[in-house]
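Here's the structure, in structure tokens; my notes come after.
As a basis for the values below, the full set of heavy atoms in this structure was taken, side chains included, without hydrogen atoms, waters or symmetry mates.
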Amino acid sequence: MDADALPNLGNYKSLFNTFNNNEIIFTRRNGASNQFEKNKSPIGFNLGLSGNTPSQDLVDAYEVKVNATTAVKFNWNDPAMAANPYANRDPRLAMSIITNNSTFGTPQRKVRLWAGGLDARPIIDASKTGYYLRKYQIESLNLLNNNTGVHSWIIIRYPEIYLN
């Protein structure tokens with residue numbers, strides 16, 4: 001991974017919650033709602049179902065940074081990586097996936113995804129994979145107050161044109 005190839009990470013997280021960005025070619029906008037957040041937030045927030053959850057393969061696909069210009073594929077057989085699986089990962093992992101002990105929500109709290117934790121099994125409808133989706137959620141919404149936000153579902157971005 002070339003460090004210069006990473007997107008501007010300050011804009012990366014907000015890119016998926018906006019419709020006013022010059023990278024967007026085609027998008028579908030929805031009216032103000034909070035149903036997506038209620039269906040994707042960790043079950044311990046008591047807002048609804050946990051919905052679809054990211055797979056271990058997706059999480060493992062985020063590379064581990066060795067230094068400022070080099071990254072390697074994550075490997076569970078490497079004892080150092082297995083001991084701390086979220087350390088030195090591509091920063092987009094934390095912006096896309098809710099992992100164990102990550103901070104999430106408004107009001108914010110640590111997400112507890114260990115067996116028996118507030119957001120994990122055996123609770124009915126808890127994540128089956130040990131992860132929750134962060135990407136596309138508007139985290140500033142206080143769902144306990146039933147706040148809503150406008151969602152923009154990006155179908156084609158300008159960088160995709162280059163990749164295609």
Side-chain angles (χ1 to χ4, degrees), residues 1 6-18 27-66 71-155 157:
M1 173 179 73
L6 283 175
N8 178 334
L9 294 176
N11 294 333
Y12 180 80
K13 189 172 183 179
S14 66
L15 173 66
F16 300 99
N17 293 324
T18 185
T27 187
R28 184 190 85 199
R29 294 183 197 156
N30 287 12
S33 170
N34 61 17
Q35 197 59 48
F36 183 81
E37 285 75 15
K38 285 183 176 181
N39 289 340
K40 303 298 180 196
S41 293
I43 198 74
F45 282 89
N46 297 318
L47 300 168
L49 304 173
S50 64
N52 300 349
T53 53
S55 69
Q56 186 67 56
D57 287 341
L58 175 62
V59 173
D60 292 348
Y62 287 90
E63 295 179 318
V64 178
K65 294 189 304 182
V66 175
V72 296
K73 183 175 169 46
F74 181 81
N75 183 354
W76 283 106
N77 294 323
D78 180 320
M81 287 184 198
N84 198 353
Y86 311 121
N88 301 317
R89 297 296 284 272
D90 180 329
R92 293 173 288 189
L93 171 63
M95 294 179 203
S96 302
I97 310 289
I98 300 168
T99 59
N100 188 39
N101 281 325
S102 61
T103 303
F104 178 78
T106 301
Q108 290 193 337
R109 72 164 175 82
K110 294 274 187 184
V111 176
R112 301 176 220 162
L113 285 163
W114 59 84
L118 183 60
D119 304 294
R121 296 225 168 240
I123 297 171
I124 296 171
D125 294 325
S127 171
K128 293 173 178 66
T129 64
Y131 302 103
Y132 288 97
L133 182 67
R134 183 182 300 263
K135 190 174 184 176
Y136 288 109
Q137 290 205 50
I138 304 172
E139 289 187 56
S140 61
L141 297 181
N142 186 327
L143 299 175
L144 299 174
N145 293 336
N146 208 29
N147 294 141
T148 62
V150 175
H151 291 81
S152 179
W153 307 106
I154 299 168
I155 297 168
R157 284 179 43 218

> With a 4.5 Å limit on heavy-atom distance, are the side chains of W76 and D60 in contact?
Replying inline: yes
> Can you tell me how far CD1 of I97 sits from CZ of R134, rounded to the nearest 0.5 angstrom?
Replying inline: 9.5 Å
> Does the side chain of R28 reach to within under 4.5 Å of the side chain of N30, using non-hydrogen atoms?
Replying inline: yes
>> Does either side chain, that of N34 or that of N146, offer a donor lying less than 3.5 Å from an acceptor on the other one?
In response: yes
> If we only count heavy atoms from C-beta on, is the F36 to I138 side-chain gap below 4.5 Å?
Replying inline: no
> Where does the angle between the aromatic ring planes of Y86 and Y131 fall among parallel (under 30°), tilted (30 to 60°) and perpendicular (over 60°)?
Replying inline: perpendicular
> Looking only at atom types and distance, does a side-chain atom of T27 sit under 3.5 Å from a main-chain N or O of W153, one as donor and one as acceptor?
Replying inline: yes
> Side chain of T129, backbone of P54: donor and acceptor closer than 3.5 Å?
Replying inline: yes
> Closest approach of N147 and L143, non-hydrogen atoms and distance?
Replying inline: O-CD2, 4.0 Å
>> Show the nearest heavy-atom pair for residues V72 and M81, with the distance to one decimal.
In response: CG2-CE, 3.7 Å
>> Just so I know, are the side chains of L144 and P107 near enough to count as touching, which here means a heavy-atom distance under 4.5 Å?
In response: yes
>> How long is the straight-line distance from CG of N39 back to CG of D125, given to the nearest 0.5 Å?
In response: 10.0 Å
>> Return the CG to OH distance between N52 and Y132, rounded to the nearest 0.5 Å.
In response: 12.5 Å
>> Can you give me the closest heavy-atom contact between T106 and L141, atom names plus distance?
In response: CB-O, 3.5 Å
> Does K65 offer a backbone N or O that forms a donor-acceptor pair with the side chain of N88 under 3.5 Å?
Replying inline: no
> Can you name the nearest heavy-atom pair linking E63 to A71, along with the distance?
Replying inline: OE1-CB, 3.7 Å
> For the atom pair OG (S127) and CD1 (I98), what is the distance rounded to the nearest 0.5 Å?
Replying inline: 9.5 Å
> Passes side-chain contact (heavy atoms from CB on, under 4.5 Å), K128 versus R121? Steps please.
Replying inline: CA-CA 7 Å; K128 293 173 178 66; R121 296 225 168 240; 2.8 Å; yes
> Nearest heavy-atom pair of A32 and T148: which atoms, and what distance?
Replying inline: CB-OG1, 3.5 Å
>> Quick check with a 6.0 Å cut-off and a 45 degree axis cone: is R92 positioned over the face of Y62's six-membered ring?
In response: no
> Does the ring centre of F104 sit less than 6.0 Å away from the ring centre of F45?
Replying inline: yes
> How many angstroms lie between NZ in K40 and OG1 in T53, if you round to the nearest 0.5 Å?
Replying inline: 8.5 Å
> Can you name the closest pair of heavy atoms from D119 and P42 and give their distance?
Replying inline: OD1-CB, 3.3 Å
> Do we see a donor-acceptor contact under 3.5 Å between the side chains of Q35 and H151?
Replying inline: no
> What is the distance from atom OG of S102 to atom CZ of R109, rounded to the nearest 0.5 Å?
Replying inline: 10.0 Å
